[in-house]
Participant: 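First, the structure itself, so that you have it in front of you.
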Amino acid sequence: MNGNLEFYARLTEWTPWDEAAVLKMQYEKRAELAKSITCVGLLVDLSMDQHFEVRKGVAENPNTPLTTLKRLAEQDFCSSVQNAAHETLSALI
């Protein structure tokens with residue numbers, strides 16, 4: 001992880017500017033961050049990303065809201081995202 005990704009991966013207090021910076025990143029970086037960030041609003045936004053890798057990262061993140069995980073498990077068009085969301089839900093419940 002480069003310095004910028006490490007900064008956001010450890011961030012606990014998010015500003016709108018932080019969220020905007022992540023949303024502007026290349027999808028590979030968004031996917032990596034989606035696995036570990038704690039910002040609920042940003043996780044919800046990333047759960048609707050056009051790239052399945054980003055949505056899969058959200059689905060693997062235990063900080064993702066349950067309603068978002070359920071939506072990914074039931075409605076995402078990518079089976080790997082659905083499977084990841086099911087696994088995360090099973091681990092949390």
Side-chain angles (χ1 to χ4, degrees):
M1 224 183 257
N2 70 26
N4 206 22
L5 288 179
E6 288 178 25
F7 170 78
Y8 287 113
R10 290 190 311 247
L11 198 60
T12 56
E13 296 289 325
W14 289 79
T15 68
W17 295 275
D18 296 323
E19 293 182 35
V22 170
L23 292 173
K24 290 179 185 176
M25 291 179 177
Q26 294 178 352
Y27 81 90
E28 298 95 343
K29 292 180 180 182
R30 290 195 312 274
E32 189 171 340
L33 281 175
K35 296 176 186 178
S36 63
I37 61 174
T38 60
C39 181
V40 171
L42 185 53
L43 284 165
V44 172
D45 288 346
L46 292 174
S47 75
M48 295 179 265
D49 197 277
Q50 67 180 1
H51 297 279
F52 82 90
E53 297 94 340
V54 178
R55 297 191 314 276
K56 186 175 180 211
V58 172
E60 294 171 350
N61 188 328
N63 297 302
T64 300
L66 289 177
T67 55
T68 302
L69 286 172
K70 288 177 185 175
R71 178 178 47 80
L72 290 171
E74 297 169 3
Q75 299 175 7
D76 198 272
F77 56 86
C78 180
S79 62
S80 65
V81 174
Q82 289 180 353
N83 293 339
H86 279 292
E87 288 179 23
T88 303
L89 282 167
S90 294
L92 294 174
I93 298 175

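Only this structure's heavy atoms are used, side chains among them; waters, hydrogens and symmetry mates stay out.
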Participant: Of all heavy-atom pairs between Leu72 and Ser47, which one has the smallest distance, and what is that distance?
Facilitator: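 What the structure gives for the nearest pair is CD2-O, 3.7 Å.
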Participant: Find out whether Arg71 and Met48 are in side-chain contact, i.e. whether some heavy atom of one side chain is under 4.5 Å from a heavy atom of the other.
Facilitator: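 Yes; the side chains approach each other to less than 4.5 Å.
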Participant: Quick check on side chain to side chain contact (heavy atoms under 4.5 Å, CB included): which of Val54, Val58, Leu5 does Arg30 satisfy it with?
Facilitator: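 Running side chain to side chain contact (heavy atoms under 4.5 Å, CB included) over Val54, Val58, Leu5 with Arg30 returns exactly one hit, Val54.
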Participant: Does the side chain of Ile37 come within less than 4.5 Å of Val22's, by heavy atoms?
Facilitator: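 No, too far: nothing below the 4.5 Å cut-off.
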Participant: To the nearest 0.5 Å, what is the distance between CD on Glu74 and CG on Leu89?
Facilitator: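 If we round to the nearest 0.5 Å, Glu74:CD and Leu89:CG are 8.5 Å apart.
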Participant: Between Leu46 and Ala34, which heavy-atom pair has the shortest distance, and what is it?
Facilitator: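 Minimum heavy-atom contact is CD1-CB, 4.2 Å.
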Participant: Just checking, any donor-acceptor pair under 3.5 angstrom between side chains of Asn61 and Thr64?
Facilitator: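 On atom types as modelled, these side chains do not qualify, holding no pair under 3.5 Å.
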Participant: For Glu60, is there an ion pair with Lys56 - N to carboxylate O distance below 4.0 angstrom?
Facilitator: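 Yes.
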Participant: Taking the side chain from Asp76 and the backbone from Ala73, do they hold a donor-acceptor pair closer than 3.5 Å?
Facilitator: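 Not a single qualifying donor-acceptor pair exists.
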Participant: Decide side chain to side chain contact (heavy atoms under 4.5 Å, CB included) for Lys29 and Asn4; before the verdict, give the C-alpha distance in whole Å, the side-chain angles of both, and the deciding distance to 0.1 Å.
Facilitator: CA-CA 10 Å; Lys29 292 180 180 182; Asn4 206 22; over 6 Å; no
Participant: Between atom OG1 of Thr88 and atom CG of Asn63, what is the distance when rounded to the nearest 0.5 Å?
Facilitator: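 Reported value, rounded in 0.5 Å steps: 10.5 Å.
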Participant: Any side-chain to backbone donor/acceptor pair from Arg55 onto Asp49? Under 3.5 Å, distance only.
Facilitator: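 Such a contact is found between Arg55 side chain and Asp49 backbone.
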Participant: If I take atom OG1 from residue Thr38 and atom CD from residue Glu13, how far apart are they, to the nearest 0.5 angstrom?
Facilitator: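 Going from the OG1 atom of Thr38 to the CD atom of Glu13 covers 8.5 Å.
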Participant: Answer yes if Met25 and Phe52 sit in the same cluster of Ile, Leu, Val, Met, Phe, Trp and Tyr residues linked by side chain heavy atoms under 4.5 Å apart, and no otherwise.
Facilitator: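 Yes: a chain of side-chain contacts under 4.5 Å links Met25 to Phe52.
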Participant: Keeping the roles fixed (side chain from Asp18, backbone from Trp14), state whether a donor-acceptor pair exists under 3.5 Å.
Facilitator: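 Checked: no pair found.
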Participant: With rounding to the nearest 0.5 angstrom, report the CG to NZ distance, Leu43 to Lys35.
Facilitator: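 The NZ atom of Lys35 is 13.5 Å from CG of Leu43, to the nearest 0.5 Å.
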Participant: Under 3.5 Å, is there a donor-acceptor pair between the side chain of His51 and the main chain of Tyr27?
Facilitator: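 Checked: no pair found.
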Participant: Can you measure from CD (Glu19) to OH (Tyr8) and round to the nearest 0.5 angstrom?
Facilitator: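 It is 10.5 Å, given to the nearest 0.5 Å.
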Participant: Please report the interatomic distance CG(Leu33) to SG(Cys39), rounded to the nearest 0.5 Å.
Facilitator: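 Interatomic distance, Leu33 CG to Cys39 SG, rounded to 0.5 Å: 11.5 Å.
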